[in-house]
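Take a look at the structure set out below.
In this text, all values refer to a predicted model and were calculated from it rather than measured experimentally. When a ligand or atom number is given, it counts from 1 through the structure's own listing order.
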Amino acid sequence: MDATIDTTSFVNPLRQGMRSTRAVQPCVMVIFGATGDLTHRKLLPALYNLAIEQPLPAQFTVVGVARRPFTDEEFRQQALDSINSFSRRRPVNPAIWDTFAKGLFYCQAQFDDPADYESLGKLLDRLDQERGVQGNRLFYLATPPVYYGAIGDLLSSSGVAKRGGGDAPGWSRIVVEKPFGHDLTSARELNQSLNKGFRENQIYRIDHYLGKETVQNIMVLRFGNGIFEPIWNRQYIDHVQITVAESIGIEGRADYYEQAGAIRDIVQNHMMQLLALTAMEPPNTFGADAVRDEKVKALRAIPPLMEAEIASDTVRGQYGSGIILGESVPAYCQERKVSPTSQTETFVALKLLIENWRWAGVPFYLRTGKRLTKRVTEIAIQFKRPPYLLFQGGGAAQLQPNVLSMRIQPNEGISLLFSAKVPGQEMRLRSVNMDFLYGSSFGVEPPEAYERLLLDAMLGDSTLFTRIDETELAWTLVDTIVRAWAKTSAPIASYEPGTWGPKESDALIERDGRTWRRL
Ligand code: BG6
């Protein structure tokens, strides 16, 4: 059973991604994994916040799908508890909640049992009539990743999802949570399963970093201003540092993390996206494909890493036991359900090059880890020093080069480090910061990343979702590194919680005569 083309994917590309206001068509969002943590902490609160801000039509409907035997009423109660605990807008507004709750339904199902898809299909057909959702269906995969392929297969073989291009009314789209595969091969297999029921323009691979306001602002800073782009290249930039640091540990997610490690958990997706947005050429429109074409070109320009380079330009570390923020914490390999001999990395540092006209010779240094000094995500563009040091003495030798830092979180903002004269009779110089802070400049609370991304998926705007070629390129890079690591007999570097990672990470950047920023 085929359906109409997903016409909302053909809206004026100039408006895509930089949406002002566009109306969401009546639709049903089907959440697989409706009793899980992601639904509880992120999805239901995000939907409720959207209901408050009113971009959702009155007919908007949610069907939670999971294995536990809940009634609609029990699911509604669970949703209310989630919103009460995690919504950024609290307390719950009774009038808005009442209307929202009437659109919540539950369907008990095994994710891999074809018979259950028949029941789901019947429920959705009924809701098409009763709630007037016109056959528009947004499927959200919030289950353990092992079910993604089966759900994709069964949605198409049961006819519950409609592949764009046929005659039946309504559109179908599918949102897939990370991780999208475990490596290049499994990512391709998963994609093949999804392609049975969905065309590429119906598949929304989510990376919640792209929904963060500050990440979207990378493009606005670069392409919405005239002064940055002329110096955004190898002539002016010495190097780039991207940091995604967390003070938390693995938070009871050993089953997943033991398989993933920091390179799959953060580098393959969030960090490669930050790198791509920083390095890409200006797209000619803000259409989904124009933006993603440019990101892909930047990723493709990263040369394949040779084994010798992986040995010298990558570092993997694992946290030992220690004290962080006054609390004593176990070593990674003593965490519950982690093997005591685990070689899984909780820290990665690497140096990448981008071989193109703009970036030749400009290293990108990336570092990420759990149990580091603090939670901070930042992209820092470090510029070259002035060609000639006019000011001698008076602290001039200690002056730091100009740095433009884009603070993704917390204290979201942008700051420029530059040299200034210390007031007084002498010519003394000091580095100072010019700061822009979102909070104080706009005085409004930004929406949560999931609010933005769910709304975009309902609108059919995939600009802020990753396309399969981006995903594949990121896996290719990660697979090469992981394969080389697996071959080496060198033990994983250990680091103390509350530090910036193993000393090998400092050595990696210091070898090039540079240092990590103190954040
Ligand atoms: C997730 C990772 O994708 O991102 C987690 O799986 C990590 O390990 C989280 O903690 C970080 O997200 P944020 O939005 O807190 O920076």
Side-chain angles (χ1 to χ4, degrees), residues 33 36-43 45-46 86 88 140-145 148 175-182 187 204-218 242-275 277 316-319 324-325 329 332 335 337-338 342 344-348 366-379 406-413 438 445-454 464-466 470-471 474-475 478 497 501 519:
D37 221 37
L38 179 74
T39 308
H40 187 53
R41 286 171 181 267
K42 299 285 184 194
L43 303 182
F86 297 110
R88 77 187 159 87
Y140 197 111
L141 305 192
T143 62
Y148 292 173
V175 183
V176 191
E177 263 297 330
K178 69 169 269 257
F180 195 90
H182 181 73
Y204 290 69
R205 294 173 200 83
I206 206 162
D207 181 323
H208 79 278
Y209 264 54
L210 292 177
K212 289 180 191 274
E213 285 283 317
T214 37
V215 172
Q216 294 163 47
N217 202 42
I218 300 170
I242 303 181
T243 303
V244 178
E246 295 184 280
S247 56
I248 55 170
I250 54 162
E251 309 273 285
R253 295 157 74 216
D255 286 341
Y256 157 73
Y257 204 87
E258 272 283 86
Q259 302 301 315
I263 196 155
R264 293 188 175 93
D265 187 41
I266 300 282
V267 177
Q268 190 272 343
N269 37 76
H270 308 326
M271 293 196 96
M272 295 315 287
Q273 288 297 322
L274 296 179
L275 177 140
L277 289 170
R316 56 190 181 130
Q318 190 186 81
Y319 60 81
I324 186 161
L325 305 170
V329 293
Y332 174 73
E335 299 266 17
K337 291 168 109 182
V338 170
S342 172
T344 301
E345 75 289 346
T346 59
F347 176 96
V348 175
L366 277 53
R367 62 177 163 166
T368 183
K370 300 266 185 207
R371 292 267 187 249
L372 299 184
T373 316
K374 55 160 97 150
R375 174 176 187 250
V376 53
T377 298
E378 186 208 71
I379 302 168
M406 296 178 267
R407 180 67 77 98
I408 308 296
Q409 61 190 21
N411 307 326
E412 290 79 358
Y438 275 85
E445 196 192 5
E448 281 272 333
Y450 276 94
E451 293 171 35
R452 166 73 197 231
L453 295 174
L454 288 177
L464 300 177
F465 293 83
T466 47
E470 294 177 73
T471 308
W475 275 127
V478 164
L519 302 174

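T466 is not listed as a side-chain neighbour of N269, based on a closest heavy-atom distance of 4.5 Å or more. Residues M271 and T368 form a side-chain contact, since some pair of their non-hydrogen atoms from C-beta on lies under 4.5 Å apart. Between Y257 and K370 the shortest side-chain heavy-atom distance falls below 4.5 Å.
At a 4.0 Å heavy-atom cut-off, ligand 1 touches H270 through the side chain alone.
Judged by distance alone, the side chains of S247 and R375 never bring a donor and an acceptor atom under 3.5 Å apart. Side chains of T344 and E258: a donor-acceptor N/O pair is present below 3.5 angstrom, by distance only.
Nearest protein heavy-atom contact of atom 5 (C) of ligand 1 is R253 NH1, 3.4 Å. In terms of protein heavy-atom proximity, atom 9 (C) of ligand 1 is closest to E246 OE2, 4.0 Å. Ranking the protein heavy atoms by distance from atom 12 (O) of ligand 1 puts H208 NE2, 3.2 Å first.
At a threshold of 4.0 Å, the pair K42-D37 does not count as salt-bridged, since none of the basic side-chain nitrogens sits closer than that to a carboxylate oxygen. Ion pairing of R205 with E470 is absent here, as no side-chain N (NZ or NE/NH1/NH2) approaches a carboxylate O to less than 4.0 Å.
An N or O contact shorter than 3.5 Å is missing between Y257 and ligand 1 by distance.
Residue K212 holds the heavy atom nearest to atom 14 (O) of ligand 1 of all those in K212, Q409, R375, E177.
Listed by number with element, the atoms of ligand 1 under 4.0 angstrom from any heavy atom of K370 are 5 (C), 7 (C), 8 (O), 10 (O). Every atom of ligand 1 is numbered from 1 in the order shown, and the set under 4.0 Å from a heavy atom of D265 is 2 (C), 5 (C), 6 (O), 8 (O). Close approach to K178 involves these atoms of ligand 1, each under 4.0 Å from a residue heavy atom: 1 (C), 2 (C), 3 (O), 6 (O).
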